[in-house]
Amino acid sequence: MIHFWPTVQICATILFNAGSSAAIQPLQVTKNSTPPFRNPNLTIAARVENLISLLSVEEKAQLIGKASGPIPRLGIESYSWRQGTFQQCNSGYRTAMPQNLGIAASFNVSNAFISGLVTGIEFRSEHMDYSKGLTCYGPMTNIFRNVMWGRNHEGYGEDPFLAGEMVYQMVQGLQGNDSKYFRVHAMCKHFSTFDGPGNGGDAWISDRDWFTTYLPPMKRCLDAGVSSYMCSYAKLNGVYGCQNPRVLNDLLRDVWNFDGFVMSDMGAIHDTVAAITAGCDLDDTANNYQPQLPGLIKQNSTLLGYLNTAFGRAMAARLRLGEFDPPDMVPYANPAVYNTSRIYSKEFLQHSHDAAVQTLVLLQNTHNTLPFAAATLRKLAVLGPGADNHGDPGYGPKVTGQSNTTRASLEALLGASRVAYAAGCDDGALCTNYNESAVSDALSGADAAVVVLTGQGLEAENHDRKTFELYGNTSALLASCIHRDIPFALVVAAADPFNITGIVDSIPAIIQAFYPQEYAGDAIAAVLLGDYNPAGRLPYTWPRSLDQVGGEDAIGNYTMKGKTYRYSQPDPLFPFGFGLSYTTFEYASLIAPSTASTCDAIQVNVTVKNTGPRDGTEVVQLYVQFHNPTMPTPDVYRIMPPTILQGDHVPSVVPCLCVVLECPVLLGRNGMNPRRHLMYWCSGRVVCVTSCLEGGLYCGFGFGLHICAVRSTGLDDSCHTHCTGNSGLSSECLLPAGRAPW
């Protein structure tokens with residue numbers, strides 16, 4: 001194994017004075033005494049030092065477990081660190097924004113920011129007394145690596161670049177933009193790998209895959225100023241995630257200079273000493289730190305320094321919430337702004353609705369089956385286990401009576417007499433009990449049909465997909481529509497795809513809907529009836545079979561070989577970045593300089609024109625591919641943030657108008673942050689683009705890899721850019737051995 005960072009000595013992790021528990025004198029807070037930790041004019045470090053000096057070992061240990069405190073003599077209230085996952089945060093009902101995978105499908109990073117903002121404001125508004133806790137266990141930042149993983153809906157897809165931009169915005173939306181205080185704690189998880197079976201297993205990962213796939217989104221959390229990370233259940237190359245000093249101390253603290261706190265996943269600590277010395281600051285149970293540390297410190301006094309460090313990081317985070325400061329100094333404690341009237345406010349519900357319609361991806365639309373002509377529909381059959389189901393996969397806000405289903409929304413728009421509903425599957429998504437007669441009755445005399453499948457009950461934490469195939473009798477349900485020879489649409493209201501390769505040509509229209517949550521029904525109905533022109537893009541690769549992504553057992557194999565659009569086999573069923581519209585766009589004049597020096601920045605221009613009959617939204621995607629590389633590289637890199645051409649932003653979306661986009665392509669440093677660069681891993685170093693060797697730049701309009709593979713409409717041969725200089729590694733690109741390029 002490559003050890004590219006020097007071994008860190010134990011004393012390097014001790015940030016605060018160790019002190020002595022015997023020297024602590026009990027301090028009682030009275031009306032006339034204000035200890036320094038309550039002085040908002042002091043630095044956080046000084047206030048933390050004061051707290052360390054005032055508390056006993058037992059009291060410090062009490063404050064770094066799942067439910068901490070209280071410490072009555074100092075006026076420190078209890079605090080619940082464990083407040084669930086992102087958008088759940090605590091029990092109860094609140095505005096349900098679309099699940100994160102759907103947010104990624106919108107390719108619109110502002111949706112991620114708004115989702116975080118709504119969640120953060122509602123969460124803070126409910127917890128103005130602090131004791132319930134203001135620590136959100138999210139966003140989930142792991143890569144969509146396998147279509148069978150049960151928690152893919154919590155993340156942002158398979159592309160490290162897209163996922164990174166989404167989590168950056170989500171963190172900023174959650175935590176706010178005040179330089180001194182956090183609105184809430186965001187927590188990026190699961191650091192640094194966790195997308196495997198069950199509790200993650202043992203992730204054997206090469207440094208190349210680690211740095212170029214798994215870590216970049218995690219680093220974008222840091223760039224956004226995230227207050228905390230959650231260490232993973234999973235082992236990394238044989239070492240538990242919450243007991244791994246290379247990950248938590250060497251990388252996170254020494255290389256990335258992270259100064260927040262690290263929380264264990266629940267039950268992820270297997271050895272208290274190993275965890276606290278590795279850099280895990282908080283225990284998400286009451287089983288390890290709280291009961292064990294006082295006795296362990298009596299046996300080994302050097303552990304007191306580690307306790308002080310962990311305690312200091314935890315209390316610094318609470319101080320930054322404003323918990324110990326006068327409320328009028330804390331912008332997020334203003335009751336005029338943060339109160340329960342913000343929950344389910346019209347403003348937030350509108351945000352949920354607007355985001356929901358943007359998450360839907362139109363994957364197939366043979367002969368313009370969609371949108372259905374509402375005016376001429378006499379009878380619409382609405383079928384499937386997801387048609388009258390809110391589709392809540394868990395780890396989100398509880399869906400309320402305000403939310404709607406596909407059936408309810410279509411009945412509201414068309415009239416109940418024109419909608420014939422049959423679930424077809426009496427036992428939900430498993431569909432082992434098929435009601436053929438009910439389906440037949442609903443289809444009888446129907447002009448068109450929609451079948452809504454759901455992933456609810458099939459994919460969740462500790463519940464990976466059992467199969468890639470269609471479950472139970474859902475294939476019979478689809479066959480009922482196919483044999484009727486009427487126009488119909490399949491809506492997949494799930495995170496992970498199903499195997500429909502054998503019947504895809506018989507399905508006129510396909511919509512991937514994910515979990516739109518609060519306005520699921522309205523969003524799906526709007527696309528089906530043409531009230532909204534879809535513009536979502538697939539945030540993962542939909543394979544033709546599991547063989548394209550490593551086979552049945554690939555979920556436990558963390559290597560990136562054969563996985564995601566950057567390394568997978570060609571010709572998937574639907575590629576990453578794919579998505580159709582009810583209008584058409586034409587790309588022309590994709591122009592880039594004929595030469596570019598290694599580590600230079602270049603400009604790429606492309607003209608986009610709406611050539612269809614109606615307004616629409618276009619997502620411009622820019623990729624680069626390297627021919628004859630001198631070392632292993634991904635097949636294709638996506639190198640530009642999502643560029644949305646939509647209504648208020650660019651007038652190109654109305655028919656017959658054009659816009660010229662200037663796309664900055666960052667091939668090197670020149671003062672730019674290398675996180676946006678293409679990166680190689682070579683000889684224990686991460687380097688940016690080196691020997692370009694006839695790298696082709698490709699601009700696509702919702703066709704992802706198809707653009708690069710078949711050179712279809714929208715490509716211009718003039719886009720090729722050749723690098724000048726040596727064909728080998730450029731010395732100006734190299735970073736010191738053992739350092740990440742961030």
Passes side-chain hydrogen bond (donor to acceptor under 3.5 Å, both in side chains), Thr454 versus Asn389? Steps please. CA-CA 8 Å; Thr454 180; Asn389 186 309; 4.8 Å; no
Can [X] and [Y] be counted as having a side-chain donor-acceptor contact under 3.5 angstrom?
| X | Y | value |
| --- | --- | --- |
| Tyr565 | Asp159 | yes |
| Thr541 | Glu158 | yes |
| Asn404 | Asp522 | yes |

Looking only at atom types and distance, does a side-chain atom of [X] sit under 3.5 Å from a main-chain N or O of [Y], one as donor and one as acceptor?
| X | Y | answer |
| --- | --- | --- |
| Asp265 | Ser232 | no |
| Glu122 | Tyr344 | yes |
| His153 | Leu101 | no |
| Arg407 | Ala423 | no |
| Asp325 | Val330 | no |
| Arg537 | Ala535 | yes |
| Thr583 | Arg614 | yes |
| Arg124 | Arg183 | yes |
| Ser227 | Ala186 | yes |
| Glu165 | Val109 | no |

Residues Leu573, Ile500; criterion side-chain contact (heavy atoms from CB on, under 4.5 Å); working and verdict: CA-CA 9 Å; Leu573 189 62; Ile500 57 172; 3.8 Å; yes
Could you tell me whether the side chain of [Y] reaches within less than 4.5 Å of the side chain of [X], counting heavy atoms only?
| X | Y | answer |
| --- | --- | --- |
| Asn100 | Met166 | no |
| Leu529 | Leu413 | yes |
| Leu478 | Val451 | yes |
| Leu490 | Leu453 | yes |
| Trp81 | Arg318 | yes |
| Tyr156 | Leu162 | no |
| Phe123 | Cys136 | yes |
| Ser264 | Asp284 | yes |

So how far is it from [X] [atom1] to [Y] [atom2], rounded to the nearest 0.5 Å?
| X | Y | atom1 | atom2 | answer |
| --- | --- | --- | --- | --- |
| Glu459 | Trp149 | CD | CH2 | 11.5 Å |
| Asn365 | Ile507 | CG | CD1 | 13.0 Å |
| Leu528 | Thr369 | CG | OG1 | 11.5 Å |
| Met263 | Lys66 | CE | NZ | 10.5 Å |
| Ser78 | Lys132 | OG | NZ | 11.5 Å |
| Ile524 | Tyr519 | CD1 | OH | 15.0 Å |

Given Ile343 and Phe348, is the side-chain contact (heavy atoms from CB on, under 4.5 Å) satisfied, shown in steps? CA-CA 8 Å; Ile343 300 168; Phe348 289 172; over 6 Å; no
Evaluate side-chain contact (heavy atoms from CB on, under 4.5 Å) for Val118 paired with Ser352, printing each intermediate quantity in order. CA-CA 9 Å; Val118 169; Ser352 178; over 6 Å; no
Might you point out which heavy atoms bring [X] and [Y] nearest each other, and give the distance in Å?
| X | Y | value |
| --- | --- | --- |
| Ile486 | Ala446 | CG2-O, 3.9 Å |
| Gln517 | Pro98 | CG-CA, 3.9 Å |
| Ser125 | Thr340 | O-CG2, 4.2 Å |
| Ala449 | Leu443 | CB-CD2, 3.9 Å |
| Ala525 | Ser409 | CB-CB, 4.0 Å |
| Phe372 | Ala448 | CE2-CB, 3.8 Å |

Can you confirm whether more than 12 heavy atoms, excluding those of Asn462, are under 6.0 Å from its CG atom?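 It does: Asn462 CG has more than 12 such atoms within range.
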Where do Asn142 and Asp195 land on the side-chain hydrogen bond (donor to acceptor under 3.5 Å, both in side chains) test, with the steps shown first? CA-CA 6 Å; Asn142 300 120; Asp195 49 343; 5.6 Å; no
In terms of ring plane angle, is the pair [X] and [Y] parallel, tilted or perpendicular, where the classes change at 30° and 60°?
| X | Y | result |
| --- | --- | --- |
| Phe194 | His190 | tilted |
| Tyr229 | Phe191 | tilted |
| Phe574 | Trp542 | perpendicular |
| Phe144 | Tyr540 | parallel |

Can the positive tip of Arg465 be found less than 6.0 Å from the middle of the six-membered ring of Phe498, inside 45° of the ring normal? yes
Test Leu380 against Asp447 for side-chain contact (heavy atoms from CB on, under 4.5 Å), laying out the working first. CA-CA 6 Å; Leu380 176 65; Asp447 303 304; over 6 Å; no
Quick one, Glu126 with Arg342, criterion salt bridge (Lys or Arg N to Asp or Glu O under 4.0 Å). Give me CA distance, side-chain angles, the key distance, then yes/no. CA-CA 9 Å; Glu126 285 186 313; Arg342 301 299 302 276; over 6 Å; no
So if I apply the ring pair (Phe, Tyr, Trp, His ring centres under 6.0 Å) rule between His185 and each of Phe261, Tyr137, Tyr130, which one comes out positive? Phe261
